[in-house]
Amino acid sequence: MSMLVGKEVILTNGRFGTIIMIDPYNPHKALLKTGTEIIDLRMEKEWQIE
């Protein structure tokens, strides 16, 4: 999982982001940086990584 840190991904809402941290207990809910914004997918229930 740590190999995915730094990878660019696309979210289900069409936005792009870079993985900056992965929760080891819930690897599908990462912390992402999108431009100037940080998105915590643990809090954003409607968005996922495609």
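Side chains included, hydrogens not; waters and symmetry mates left out as well; all remaining heavy atoms used. Residue numbers start at 1 and run along the sequence shown.
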Colleague: So which atom in A30 and which in I49 form the shortest heavy-atom distance, rounded to 0.1 Å?
Modeller: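 Scanning both residues completely, I find the closest heavy atoms to be CB-CD1, 4.4 Å.
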Colleague: CG of L41 to CD1 of I22: how many Å apart, nearest 0.5 Å?
Modeller: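 If I round to the nearest 0.5 Å, the distance is 10.5 Å.
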Colleague: Mind checking what makes side chain to side chain donor-acceptor pair (under 3.5 Å) contact with E37, not counting sequence neighbours?
Modeller: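 Checked E37 against side chain to side chain donor-acceptor pair (under 3.5 Å); matches are R15.
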Colleague: With sequence neighbours left out, write down each residue that passes side chain to side chain donor-acceptor pair (under 3.5 Å) with D23, or none if nothing qualifies.
Modeller: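 For D23, no residue satisfies side chain to side chain donor-acceptor pair (under 3.5 Å) once neighbours in sequence are set aside.
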Colleague: Would you say L11 and L4 are hydrophobically clustered, going by side-chain heavy atoms of ILVMFWY under 4.5 Å?
Modeller: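 Yes, it is one cluster - the side chains of L11 and L4 are joined through contacts under 4.5 Å.
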Colleague: Looking at every heavy atom in both G17 and T34, which two are closest together, and how far apart are they?
Modeller: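 Closest approach of G17 to T34: CA-CG2, 3.6 Å.
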Colleague: What distance do M3 atom CE and I19 atom CD1 have between them, rounded to the nearest 0.5 Å?
Modeller: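 Atom-to-atom, M3:CE and I19:CD1 are 12.0 Å apart.
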Colleague: Would you name the heavy atoms of R42 and K29 that are closest together and state the gap between them?
Modeller: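 Taking R42 first and K29 second, the nearest heavy atoms are CG-CB, 3.5 Å.
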Colleague: Tell me every residue that passes side chain to side chain contact (heavy atoms under 4.5 Å, CB included) with T12, counting only those two or more places apart in sequence or in another chain.
Modeller: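 Result, side chain to side chain contact (heavy atoms under 4.5 Å, CB included) vs T12: W47, Q48, E50.
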Colleague: How is the hydrophobic cluster of I20 composed, in terms of its other members, when Ile, Leu, Val, Met, Phe, Trp and Tyr link through side-chain heavy atoms under 4.5 Å apart, directly or indirectly?
Modeller: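 Its cluster mates, by chain and number, are M21, L31, I38.
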Colleague: Between V5 and I39, is there a shared hydrophobic cluster once you connect ILVMFWY residues whose side-chain heavy atoms come closer than 4.5 Å?
Modeller: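 They do share one cluster, since a chain of ILVMFWY contacts under 4.5 Å joins V5 to I39.
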